[in-house]
Q: 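Before anything else, here's the structure in question.
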Amino acid sequence: MTVVYEATKPTWYHSPGRRLALVIGAPAIAQLLGSAFNIWYNSVYVQPLLTPGQLSVFWLTVIGFNAIIYPMGMGLWIWSVLALKGPLTQVSRQQAIAPERLLRARQRTINLPWWGITIAGSLWFLCIPVFLLTLVLAPGSLNPQLFWDLPISFTLSALIATTHSFFAIELLVQKLLYPVLFQDVQPYRIPGTFPLSLRWRGLVLAFCGSICPISSLLLLMLAPHACTLKDTWFAITVGSLGIIFSLTSTWMVGQLVVEPIRELQRVAMAVASENLQIRINSLHADEFGSLIEEVNHMIDELQEKQVLQETFGRHVGERAAVHILQRDPSLGGIEQELTVLFADLRNFTQRCATQPPQEIVTLLNLFLTEMVEIVEQRYGGMVNKFLGDGFMALFGVGDAANGHPTQATAAGLEMLHSLKTINQHLADQGQAPLEMGIGIHTGMAVVGSIGSSRRLEYTAIGDTVNVAARVESLTKEVGEPLLLTVQTQQALSTHFVTEPLPPQFVKGQPKALKVFRLVHPLPQSEVTGL
């Protein structure tokens with residue numbers, strides 16, 4: 001089985017060879033600074049302790065070590081990096097690559113800083129036995145002070161060079177190789193790797209930036225030296241190098257630690273501003289890797305919930321959806337008082353028999369779009385069901401306020417007013433006007449999901465719904481476009497003037513219903529202000 005990945009974005013270093021060349025050169029500056037420190041120390045403290053014959057052997061050892069041992073170490077480092085060229089090239093060119101080979105390349109990439117400091121550290125610490133052995137074999141007696149100064153020189157130089165090399169290699173590997181080799185997985189998930197944790201990263205930073213320079217100064221004070229002036233200049237040099245190393249280490253660690261924190265902060269603020277399209281694309285092998293993945297996963301879940309809420313809102317209304325999900329997350333049944341409004345177009349079936357279906361659909365969509373806008377956006381109701389050429393709307397769902405009878409009645413009035421505008425549009429087209437009946441009733445009902453385990457519908461059930469439907473049917477018999485039951489009329493605000501009609505018997509009710517019509521409907525400006 002092979003895997004194919006997308007090509008990376010082209011940059012000036014986009015070729016695998018250039019990327020790897022930069023990684024190979026990552027430890028160069030740190031090694032040169034360590035060597036400069038070593039040369040300074042040896043020139044000031046080691047060289048005066050040597051006889052002319054021992055000094056000659058010392059420089060021959062320096063030349064031989066740099067000519068033989070260091071090239072071997074450099075070759076080993078170059079080989080360890082260039083081993084990634086094949087997989088890097090395959091992924092960059094969108095070529096198929098075996099999963100086993102890709103896994104080995106990922107493991108080597110994450111562990112590459114350890115390869116670098118292992119090779120460099122081995123060379124530095126190898127200097128101690130090699131130089132001491134050659135000096136012991138040199139003519140003349142060896143000054144015992146050399147057994148103190150030489151190990152100090154190479155040990156401090158090794159610690160300074162290797163720690164900074166680690167950060168430099170890790171930084172370039174993360175910037176140059178991670179985006180190519182880790183397109184579908186966070187580096188922290190790769191087994192067989194040893195990324196430096198945040199805790200150890202802080203300890204290493206403190207070690208190379210503070211402990212090493214301070215330790216060298218302490219050793220200088222403990223070591224017996226005859227030249228006070230040289231000791232002073234050495235102390236100044238060590239202190240200056242300590243400051244430089246601290247600043248460079250802080251900058252590199254900042255790139256590896258502070259930048260991810262800033263990115264997390266930026267994304268958190270974006271999410272707080274309801275921007276759920278943002279993601280963190282940084283790749284890390286340490287604790288940031290898992291944290292970033294969890295943050296992206298959290299944003300994905302929030303986006304899914306937003307889509308769910310928007311989809312649910314299309315069925316029950318956006319405001320109602322928010323209230324429902326807050327009050328009844330499981331979508332189970334809740335008994336509450338609400339106001340039910342039924343609206344229906346009169347004689348629309350006959351109209352369907354005389355007009356083309358496309359015109360009927362266009363007309364019905366025009367009517368329902370305007371009515372849904374009034375119910376849901378202006379009066380906070382919920383169009384719960386479309387019933388052919390009519391619909392059922394609920395007011396007060398998920399809302400503890402008691403103003404839903406007034407809101408439903410005001411919505412009904414505005415619907416009738418909007419119907420006049422629609423009829424004017426129809427008249428301009430030479431079509432017959434629409435007539436509508438609206439019935440409103442207030443009472444207790446169970447609001448929730450009903451149906452089977454495979455199919456559910458969110459609706460209201462109970463006698464309140466049945467009565468509202470019967471009241472809407474009464475509008476045809478009594479010749480009124482809008483009727484209220486006594487329960488709704490008693491809960492209305494004083495803005496409305498109503499007039500009782502003779503009690504009406506309806507199917508399913510043992511007693512006649514007390515219904516009311518509106519007298520002197522409010523001006524449109526007052527209706528929309530309710």
Side-chain angles (χ1 to χ4, degrees), residues 25-46 62 65-66 69-70 73-74 76-77 80 111-132 145-173 194-223 225 231 233-257:
I29 295 178
Q31 296 300 323
L32 289 174
L33 290 176
S35 298
F37 176 86
N38 182 255
I39 292 172
W40 172 266
Y41 192 101
N42 290 337
S43 299
V44 174
Y45 294 111
V46 174
V62 171
F65 200 92
N66 288 322
I69 304 300
Y70 268 117
M74 187 178 298
L76 183 59
W77 167 241
S80 63
N111 293 330
L112 207 54
W114 294 110
W115 282 74
I117 68 168
T118 300
I119 295 171
S122 300
L123 295 179
W124 277 109
F125 287 107
L126 183 61
C127 292
I128 298 175
V130 169
F131 277 80
L132 286 177
Q145 183 61 36
L146 290 170
F147 291 97
W148 176 270
D149 281 326
L150 270 178
I152 289 176
S153 171
F154 291 119
T155 299
L156 291 178
S157 301
L159 293 177
I160 291 171
T162 55
T163 51
H164 285 76
S165 293
F166 186 97
F167 289 143
I169 296 170
E170 185 182 32
L171 182 60
L172 284 180
V173 164
F194 306 95
L196 191 65
S197 67
L198 295 178
R199 176 178 296 179
W200 279 103
R201 198 182 303 280
L203 292 175
V204 173
L205 173 63
F207 184 83
C208 65
S210 303
I211 297 176
C212 282
I214 294 174
S215 299
S216 62
L217 293 175
L218 292 175
L219 291 172
L220 177 64
M221 295 175 60
L222 296 175
H225 297 293
D231 290 350
W233 279 108
F234 181 77
I236 294 174
T237 303
V238 171
S240 301
L241 286 174
I243 294 173
I244 294 173
F245 286 152
S246 295
L247 292 176
T248 55
S249 299
T250 301
W251 181 83
M252 288 188 289
V253 172
Q255 295 296 308
L256 296 166
V257 177

Q: Please check if the number of heavy atoms outside L76 that lie under 6.0 Å from its CG is greater than 12.
A: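 Correct, the count exceeds 12.
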Q: To the closest 0.5 Å, what do you measure between CZ (F131) and CG (L126)?
A: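 If we round to the nearest 0.5 Å, F131:CZ and L126:CG are 9.5 Å apart.
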Q: With W124, which residues qualify under side-chain hydrogen bond (donor to acceptor under 3.5 Å, both in side chains), at least two apart?
A: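 Counting only residues at least two positions away or on another chain, W124 forms a side-chain hydrogen bond (donor to acceptor under 3.5 Å, both in side chains) with Q31.
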Q: Tabulate below the donor-acceptor pairs under 3.5 Å that side-chain atoms of residues 112-119 make, not counting sequence neighbours, or state none.
A:
from : atom 1 : to   : atom 2 : distance (Å)
W114 : NE1    : F194 : O      : 2.4
T118 : OG1    : W114 : O      : 2.6

Q: I169 vs W77, test: side chain to side chain contact (heavy atoms under 4.5 Å, CB included). Steps then yes/no.
A: CA-CA 12 Å; I169 296 170; W77 167 241; 3.6 Å; yes
Q: V46 and L146: which non-hydrogen atoms are nearest, and at how many Å?
A: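 For V46 and L146, the tightest heavy-atom pair comes out as CG1-CD2, 3.7 Å.
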Q: For A26 versus L172, what's the shortest heavy-atom pair and its separation?
A: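 Residues A26 and L172, closest heavy atoms: CB-CD1, 3.5 Å.
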Q: Mind jotting down which residue pairs meet the side chain to side chain donor-acceptor pair (under 3.5 Å) criterion with at least one end in residues 153-162? Sequence neighbours excluded, please.
A: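 Sorted result for residues 153-162: N38-S153, N42-S153.
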Q: Please enumerate all residues that pass ring pair (Phe, Tyr, Trp, His ring centres under 6.0 Å) together with F147, with sequence neighbours excluded.
A: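 By the ring pair (Phe, Tyr, Trp, His ring centres under 6.0 Å) rule, F147 matches no residue at all.
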Q: List the residues meeting ring pair (Phe, Tyr, Trp, His ring centres under 6.0 Å) with F125, not counting sequence neighbours, and say none if there are none.
A: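 With sequence neighbours excluded, F125 shows a ring pair (Phe, Tyr, Trp, His ring centres under 6.0 Å) to no residue whatsoever.
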Q: Quick one: pull up CH2 in W148 and CD in Q145 and give me the separation to the nearest 0.5 Å.
A: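 Rounded to the nearest 0.5 Å, the CH2-CD separation comes to 8.0 Å.
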Q: Looking only at heavy atoms, which two atoms of G34 and A161 are closest? And how far apart?
A: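 Heavy-atom minimum between the residues: CA-CB, 4.3 Å.
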